[in-house]
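Contents: one structure, followed by commentary.
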Protein chains: 2
Amino acid sequence: MSQPKTKTETLMQALRDRIAGRALGPGDRVPSIRRFAEVMGVSPSTVVEAYDRLAAEGMIRSRRGSGFYVAAANIPPMKVAQMGPPRARDIDPFWVSRQALNAGPGTLQPGCGWLPEDWMPQEALRKGLRALAKSGGAVLTSYASAQGSDALLRVLQTRFAEENLPVAPDQVMLTGSASQAMDLICRLLLNPGDTVLVDDPGYFNFHALLRAHRVHVISVPYGPDGPDPHAFAAAMQQTPRLYITNSALHNPTGATISPQNAHRVLSLAAAHDLTIVEDETFADLEPEPSPRLAVLDGLNRVLRIGGFSKTLSASLRCGYIAGRADWIEALVDLQVATSFGGPSPAAAELLAGVLIGGGYRKHLTNLHRRLATARKRATAQLALLGIAPLIRPRGGFYLWCRFSDGIDTGEIARRCVADGVILAPGNVFSPSENADRCMRFNVAQMDNPHIYVALKKAMA
Amino acid sequence: MSQPKTKTETLMQALRDRIAGRALGPGDRVPSIRRFAEVMGVSPSTVVEAYDRLAAEGMIRSRRGSGFYVAAANIPPMKVAQMGPPRARDIDPFWVSRQALNAGPGTLQPGCGWLPEDWMPQEALRKGLRALAKSGGAVLTSYASAQGSDALLRVLQTRFAEENLPVAPDQVMLTGSASQAMDLICRLLLNPGDTVLVDDPGYFNFHALLRAHRVHVISVPYGPDGPDPHAFAAAMQQTPRLYITNSALHNPTGATISPQNAHRVLSLAAAHDLTIVEDETFADLEPEPSPRLAVLDGLNRVLRIGGFSKTLSASLRCGYIAGRADWIEALVDLQVATSFGGPSPAAAELLAGVLIGGGYRKHLTNLHRRLATARKRATAQLALLGIAPLIRPRGGFYLWCRFSDGIDTGEIARRCVADGVILAPGNVFSPSENADRCMRFNVAQMDNPHIYVALKKAMA
């Protein structure tokens, strides 16, 4: 049935391939008619016909005055299956975020990336709010300085110094969140088409973020000791501009980079002029500190980012960046241009107050103990279903687990949504889509037995 | 003295021209060596030599592992003057933001874009904080839903409906600020190299933001009735993708678009498939409502953005977007990818509480009265110095004024900084740099007589 294709069909297939190969993701603008005609050496009217037919198929859609975009949810599943190897298109990197952020009351969330509200230091936050209500007017009504609240910046400098990482005042800034910190860095250092190295598996929102930057993403397998050293060395041949990683309880695996691996990664980075962004969002959930790229490197080619959402409050929206002073200066300007500043100064004052208060260390000690218990319990319950952790994490709330052969965790996740259980199937973390037998569980969100009932039913 | 140039000198001049013509701004990455060599048809080693010499001149600077960047502050003024027509390079669009956000205590800020803290509803905010301290744990500790706090979204829908602008629940979202709202829209709708139309004069941070998006900015003169209709029609020939404007007390002029002009702009936009972003940040400072593009258009090709920083609190960091449902859906995903959500849910609840409370309308009435008095007083004081408003605004805190012939307001601003007075010289608002005799004053920040003393001294 290999009939010769018309020019229009060739164009349609070319665009389908780019979508199937993820060069274009849902919501991305497809090339303009003029540009695509030039590139493919056809007339604009041929491109118009191809786009119209793809729009009729639901593959792309037209937006008045703005060209054509890759359709999001409304790509017909049947068509997608015909596009090449089957892909869980409806479980894309946005899937977990959307499901978890928009979950209704009563939904169970073993797939989410945060602690239940009653695990958070609510009393300290309430006390901070009452203190704010008595504070001077400026912090309640005015913009912050461009770098952010002095009080919180000083807390960060002190914490970094305790790790033997000296950070000058012009080397640190606040941002609206850890995600926004990553976004600002990508805006400063990346151009569309640049190559970026990520972990496989790795945090799905990094992938969504990089898609928004239109860069070429390559990945390195991430195991119990961190990124695979041979794969990392081999990836250098593709001259990535950035390596983006989680340190201190890697998301989703919970793994910790070994000292040898950390040194090796930094040596390769130096040899290949690679910049590293190390996200330490989960650092405070570590019972014992682990090797940190930023510390070993002394903030030379590593940028450290983090936030307070995992142990303090996700509601206060605050992150930070520490790095070279010239980069920080440019990042501060970029944040002013794009958000007119970073986090709420009121929120930053509140966070600084809680972090300085003696109760925060005690809160962390309690969290570590409570998480160890929850991890043990969830591991035992999952074992009854034949689900086993691939890595035994030293702390935190994630368990990266493997299901039995023949089970597609994307399908399990879809079935469980109907039962009011939001899961985080492996492939949303895997750029190579090699993790369809894996799933990330949040042990702090797994008290309710209905989760295991729903899992068992979905696996049947 | 027209000696034939070497290849290296030609390259150097080409890059100097791009910087002088603002195709490349301070902090922008210059083309990679390989790419520039290809484009200019020379060997990479020639580009290396040209870049090294420009770096030695201080025009660009090298960042290890990241290529070369256009130098910011350290462009030697003498060299800049040689680049073409003289430009106030050190008073770029970032100048006012940086000066005003980082001003030390005791600095006077007639150039800033906000009200003094004691003009803001501090008691209502304190009451809101006390209420938050008693609220449920989720709002203090958890992420918001992807669209943002329901309570505040409902307040916005109600307000819009009162303007005869019906907005469905899927047509509105919260953002981290009005600036971030604009940024998200630019990320969704623009590609590098697209043409964007702005007002001249217009809000300087729009220009900084557009520079970060690497788009081509064209401008239309903005007068007492809004954008000049003939210039607007002529600009359509350059097929701009977006028109970005302030409605309701335009920044910096304080002008209000006339109904005829609003209709004309929308008709031209429809005829040329132009999308409009209308920022109504200053809307609540209007004593009487003015024509609004979003209302006339019914959110078809106009996106409405705004925030709460000018009348309620700049510390709480919250903005919004209203527009077509398919755009809002894509913008919500983009905000999740780049910031993992919008504003603090705690802040949004607090804002909703203050807006619903009966005191807010009264607060606005007081503000309007107080601003009318301040405007009158500042106008009289400025008149003594020969400084006159070009437009008499119907409300708000801006006065767009003209100085006598021969006075460069950039130079006045530089001199006044030394006297502890931060001003907003005309050219930071003017893409065409035609406003060196103008200056924007904030009448709410002009009580202190030292401001007029410093101005007089600087003009002498």
Side-chain angles (χ1 to χ4, degrees), chain A residues 27 29 63-66 94 97-98 101-102 114 117-118 120 122 125-126 129-130 132-133 137-146 176-177 179-180 183 187 189 191-192 205 208-209 211-212 273-275 301 313-317 326 330 333-334 336-341 343-347, chain B residues 27 29 63-66 94 97-98 101-102 114 117-118 120 122 125-126 129-130 132-133 137-146 176-177 179-180 183 187 189 191-192 205 208-209 211-212 273-275 301 313-317 326 330 333-334 336-341 343-347:
Chain A
R29 181 140 52 140
R63 286 183 188 159
R64 213 135 66 90
S66 130
F94 288 112
S97 312
R98 244 187 325 238
L101 291 175
N102 294 331
W114 51 85
E117 60 185 80
D118 57 357
M120 301 296 260
Q122 292 187 20
L125 294 168
R126 290 182 204 286
L129 285 167
R130 289 192 297 267
L132 259 188
V139 73
L140 305 184
T141 64
S142 304
Y143 294 95
S145 70
S177 64
S179 301
Q180 203 179 347
D183 185 48
R187 289 178 94 147
L189 298 180
N191 283 314
N205 209 50
L209 173 70
R211 188 187 282 180
D273 253 353
L274 174 73
T275 301
R301 61 174 64 254
S313 167
S315 170
L316 297 179
R317 313 307 300 132
D326 58 339
D333 275 355
L334 195 53
V336 167
T338 56
S339 314
F340 211 70
S344 157
Chain B
R29 181 139 52 138
R63 285 183 189 161
R64 212 132 71 88
S66 130
F94 287 111
S97 311
R98 243 187 325 237
L101 290 176
N102 294 332
W114 51 85
E117 59 184 82
D118 56 356
M120 301 295 261
Q122 292 186 20
L125 293 169
R126 290 181 204 285
L129 284 168
R130 289 191 298 267
L132 259 189
V139 73
L140 306 183
T141 64
S142 303
Y143 294 94
S145 71
S177 65
S179 301
Q180 203 179 348
D183 184 49
R187 289 178 94 148
L189 297 180
N191 283 315
N205 210 50
L209 174 70
R211 188 187 282 179
D273 253 354
L274 173 72
T275 301
R301 61 175 62 254
S313 167
S315 169
L316 296 179
R317 314 304 303 132
D326 57 339
D333 275 354
L334 196 52
V336 168
T338 57
S339 314
F340 211 69
S344 157

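Just so it is clear: chains get the letters A, B, ... in the order the sequence lines come, proteins before strands, and each one is counted from 1. In this text, all values refer to a predicted model and were calculated from it rather than measured experimentally. In what follows, every heavy atom counts, from backbone to side chain, and hydrogens, waters and symmetry copies are set aside.
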| Contact winner vs chain A - B/Leu334, B/Leu316, B/Leu189, B/Leu129, heavy-atom pairs under 4.5 Å | B/Leu129
| Is it the backbone or the side chain of B/Leu125 that comes under 4.5 Å from a heavy atom of chain A, or both, or neither? | side chain
| message | Please determine whether a side-chain nitrogen of the Lys or Arg among B/Arg187 and A/Asp183 lies less than 4.0 Å from a carboxylate oxygen of the Asp or Glu. | response | yes
| field | Heavy-atom contact with chain A under 4.5 Å, split by part of B/Ala346 | value | both
| request: State, yes or no, whether a side-chain contact exists between B/Pro343 and B/Arg317 at a heavy-atom distance under 4.5 Å. | output: no
| query | Does any non-hydrogen side-chain atom of A/Gln180 lie less than 4.5 Å from one of B/Phe340? | reply | no
| said: Checking A/Ala146 now: which residues fulfil side chain to side chain contact (heavy atoms under 4.5 Å, CB included) with it, not counting sequence neighbours? | reply: A/Val332, A/Val336, B/Leu101, B/Asn102
| query | Do B/Leu140 and A/Glu117 touch side chain to side chain, with heavy atoms closer than 4.5 Å? | reply | no
| task | Tell me, for A/Thr338 versus chain B, whether the close heavy atoms (under 4.5 Å) come from the side chain, the backbone, both or neither. | result | both
| query | Among A/Ser145, A/Ala138, A/Ala314, A/Ser177, which has the most heavy-atom pairs under 4.5 Å with chain B? | reply | A/Ala314
| message | Is A/Asp118 close to chain B through its backbone or its side chain, or both, or neither, when contacts mean heavy atoms under 4.5 Å? | response | neither
| query | Do you know which of A/Asn191, A/Val139, A/Asp326 has the most heavy-atom pairs with chain B at a distance under 4.5 angstrom? | reply | A/Asn191
| task | Spell out, as yes or no, whether a donor-acceptor pair under 3.5 Å connects the side chain of B/Arg126 to the backbone of A/Ala133. | result | yes
| Winner by heavy-atom pair count (cut-off under 4.5 Å) against chain A, out of B/Ser315, B/Pro192, B/Ala212 | B/Ser315
